[in-house]
2 protein chains.
Amino acid sequence: MYVTMPNDQSSLSQFSATRRKADRKLARDLKPGGYLFREGDEARYIFRVLSGVLRLTRVMENGRRQVIAFGYPGDVIGFPNGAEHHTDCDVLTPARVVAYRRELLESGAGDAELHDELLTAALREISSMQDHFMMLGRKSASEKLASFLCVLADRVGTPLGPYTQIALPMSRCDIADFLGLTTETISRTITQLRRSGVIALESVHQVIILKPDDLLTLAGGEED
Amino acid sequence: MYVTMPNDQSSLSQFSATRRKADRKLARDLKPGGYLFREGDEARYIFRVLSGVLRLTRVMENGRRQVIAFGYPGDVIGFPNGAEHHTDCDVLTPARVVAYRRELLESGAGDAELHDELLTAALREISSMQDHFMMLGRKSASEKLASFLCVLADRVGTPLGPYTQIALPMSRCDIADFLGLTTETISRTITQLRRSGVIALESVHQVIILKPDDLLTLAGGEED
DNA sequence: CTGTTATGTATCAATTTGTAACGGCGCGGA
DNA sequence: TCCGCGCCGTTACAAATTGATACATAACAG
């Protein structure tokens, strides 16, 4: 059974209260194992995650897969480039999203506030993707995993302290494909972190941070 | 001496003719070795490259560097997220850019057409960064380099045929930091491509494609 | 309960990196 | 002008990291 992320609403503060209220009626519920869109689907909507976790992936013809991002509450997913989606968006946990017509981003379509929120989300997306470049290109396996855990904690709004718990709704393979590693390396590295007492596993999908400072150190510095 | 990219105007077609004419008066000339902005600078403008090549980098506190992107004619650089730039933008070749106030993207500020062009550029940027994720996370050194050459050729509008020449205005180190490799690996891989007769070097910064089909094969498939 | 999938572990192989050395080229100063 | 210096690029070899393979174990669904 999937574990629900704590503090699912933490990142929604960037959206106005009236927006959140209006969205509630338009919200769409998604089941784990389902999907929001697939590569090649017509990109008619942009989605905002209200709760739950989604996964955005791209697959090469030879089968190699790259997880582009995980969609957490507050994230906006499905920015269009051309007529079709170029990624798959799958549902990892029970989730709820709001769908906005792409015209709301492209022309405003009468709702200036929402237009602005979607635009800001797109710019934030660019910035966070730049962070991820550093992760993929210039960090070792252990740095990647440590960074990943830190980013996840930050993303769900959980302060990094001793005994902080972090849910991992995604599989080891998802983590590997997100970090540009193999599942074996993920396993190995998690074991290293466990043996060195930096983390413990409550369950396979629930990590306990034992030494937050060590984890941050292992994560390697951010941009200077 | 830097080599000028062929077909510098190739990608400008996505911007309207009237725009290009208006921009000419606002254009700013840049010298190699100079820069457009640095991390921490206030992000007041968004830039569009008219000619020349720029380099967008992010540096970690431990000195590790990631080249986020190379800015070629038609590219838009400096999308803001928050008040400050989070990257350095340096000038690789004599270049010309136009600066737009960030309000033009954020509110339109009266110019709907430009607003739309900048927004489209942002969405295109997200998509191309997703491509690059695949490159960084799931391709081998030789695949990365082959892909890089193909993308460069495509970017400047040069069709990939026998004896096609591609200018490399950036250093080996820049290429390495872009692809998540080391300069030595870049050198070694270029040598491999040369020895196998796929490419030749007109000069250090000028590649000749001898076997375009082999290069495309080596580049590995795109997303399926 | 049982077949199936996911995860962990160990071993070995492959790729990539690190280190060092060398040559070439441009630049500035003597 | 010539020389020396430093940066860039290349190469060879050793070392480290990561990947591949195989298998055991655990979790899960029917």
Side-chain angles (χ1 to χ4, degrees), chain A residues 1-3 31-33 55 62-67 90 92-93 135-146 148 167-196 199-207 218 220, chain B residues 1-3 31-33 55 62-67 90 92-93 135-146 148 167-196 199-207 218 220:
Chain A
M1 192 52 177
Y2 285 105
V3 182
K31 291 197 186 72
R55 180 190 62 202
N62 53 28
R64 279 180 281 186
R65 196 180 70 143
Q66 177 70 38
V67 171
D90 300 278
L92 295 186
T93 74
M135 182 103 116
L136 284 172
R138 284 288 171 248
K139 287 191 175 181
S140 68
S142 51
E143 287 173 331
K144 283 178 179 178
L145 190 63
F148 178 67
L168 301 178
M170 66 293 291
S171 71
R172 298 292 189 262
C173 181
D174 288 338
I175 300 176
D177 287 344
F178 183 62
L179 299 179
L181 300 167
T182 60
T183 59
E184 294 88 341
T185 301
I186 299 295
S187 269
R188 231 183 323 210
T189 311
I190 287 181
T191 301
Q192 283 175 11
L193 289 181
R194 273 200 309 122
R195 286 208 223 281
S196 57
I199 65 170
L201 290 190
E202 165 73 26
S203 74
V204 175
H205 291 288
Q206 188 81 10
V207 174
L218 274 171
Chain B
M1 191 56 174
Y2 285 105
V3 182
K31 290 197 186 72
R55 181 190 61 201
N62 53 29
R64 278 181 280 185
R65 195 180 71 142
Q66 177 69 39
V67 171
D90 300 279
L92 295 186
T93 74
M135 182 105 115
L136 284 172
R138 285 285 171 251
K139 286 192 175 180
S140 69
S142 50
E143 288 173 330
K144 284 178 179 178
L145 190 64
F148 178 67
L168 301 178
M170 66 292 292
S171 71
R172 298 291 190 262
C173 182
D174 289 337
I175 300 176
D177 288 344
F178 183 62
L179 299 179
L181 300 167
T182 60
T183 58
E184 293 89 341
T185 301
I186 298 296
S187 267
R188 275 184 287 246
T189 310
I190 286 181
T191 302
Q192 282 176 12
L193 289 180
R194 271 199 311 121
R195 286 209 221 279
S196 57
I199 64 171
L201 290 191
E202 166 73 27
S203 74
V204 175
H205 292 286
Q206 188 81 12
V207 175
L218 274 171

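Bear in mind that the values here come from a model prediction, so they are computed numbers and not experimental data. By convention in this document, chain letters (A, B, ...) are assigned in the order of the sequence lines, proteins followed by strands, and residues within each chain are numbered from 1.
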Result of checking B:Val67, B:Thr183, B:Thr182 against B:Cys173 for side-chain contact (heavy atoms from CB on, under 4.5 Å): B:Thr183
Whole-Å distance separating the CZ atom of A:Arg172 from the C1' atom of D:dA27: 12 Å
Sugar-phosphate only, base, or nothing, as touched by B:Thr185 at under 4.0 Å among non-hydrogen atoms: base
Of B:Leu181 and A:Leu201, the one whose closest DNA chain C nucleotide lies more 5': A:Leu201
Touch class at under 4.0 angstrom, heavy-atom based, for B:Ile190 against every strand present: nothing
Separation of D:dG19 P from A:Arg65 CZ (nearest whole Å): 15 Å
Spacing between B:His205 atom NE2 and D:dT10 atom C1', to the nearest angstrom: 13 Å
Per-nucleotide protein contact string for nucleotides 20-25 of chain D, where B marks a base within reach and S marks sugar-phosphate only (heavy atoms under 4.0 Å, - for neither): SB----
Heavy-atom check, side chain of A:Met135 versus side chain of A:Phe148, under 4.5 Å: yes
Closest non-hydrogen atom pair between A:Arg138 and B:Arg64, with its separation: O-NH1, 2.9 Å
Nearest-angstrom distance from the residue atom CZ of B:Arg194 to C1' of D:dT11: 11 Å
With A:Ser171 via side-chain hydrogen bond (donor to acceptor under 3.5 Å, both in side chains) - residues at least two apart: A:Asp174
Value rounded to 0.5 Å, distance of CG in B:Leu145 from CG in B:Leu218: 9.5 Å
First of A:Gly180 and B:Cys173 reached from the 5' end of DNA chain D, by closest nucleotide: B:Cys173
For A:Thr191, all residues meeting side chain to side chain contact (heavy atoms under 4.5 Å, CB included), sequence neighbours excluded: A:Arg194, A:Arg195
B:Asp177 CG to D:dG9 P, straight-line distance once rounded to whole Å: 12 Å
Euclidean distance, atom CG of residue A:Leu168 to atom P of C:dA6 [Å, nearest integer]: 16 Å
Salt bridge (Lys or Arg N to Asp or Glu O under 4.0 Å) partners of residues 179-188 of chain A, not counting sequence neighbours, each pair once: none
Single hit among B:Asp177, B:Thr93, B:Leu92 for side-chain contact (heavy atoms from CB on, under 4.5 Å) with B:Met170: B:Leu92
Nearest-Å distance for atom pair CD1/P, residues B:Ile186 and C:dT15: 17 Å
Helix axis bend for the helix from C:dC1-D:dG30 to C:dA30-D:dT1 - C1'-based end axes, five pairs, 10° rounding: 40°
Nucleotide of D:dG19, C:dT7, D:dG9 approaching A:Ser171 most closely (side-chain heavy atoms): C:dT7
Interatomic spacing from CG in B:Leu181 to OG in B:Ser187 - rounded to 0.5 Å: 11.5 Å
All side chain to side chain contact (heavy atoms under 4.5 Å, CB included) counterparts of A:Ser196, not counting sequence neighbours: A:Val198
Those residues of residues 135-146 of chain A lying under 4.0 Å from DNA chain C by at least one heavy atom: none
Sugar-phosphate, base or nothing in reach of A:Ser187, heavy atoms under 4.0 Å: base
Sugar-phosphate, base or nothing in reach of A:Thr183, heavy atoms under 4.0 Å: nothing
A:Ser142: partners by side chain to side chain contact (heavy atoms under 4.5 Å, CB included), with sequence neighbours left out: A:Ser140, A:Thr189
Atom pair distance, as rounded to whole Å: CG in B:Leu179 and C1' in C:dT15: 16 Å
With sequence neighbours excluded, residues passing side chain to side chain contact (heavy atoms under 4.5 Å, CB included) with A:Arg172: A:Leu168, A:Ile186, A:Ile190, A:Leu201, A:Val204
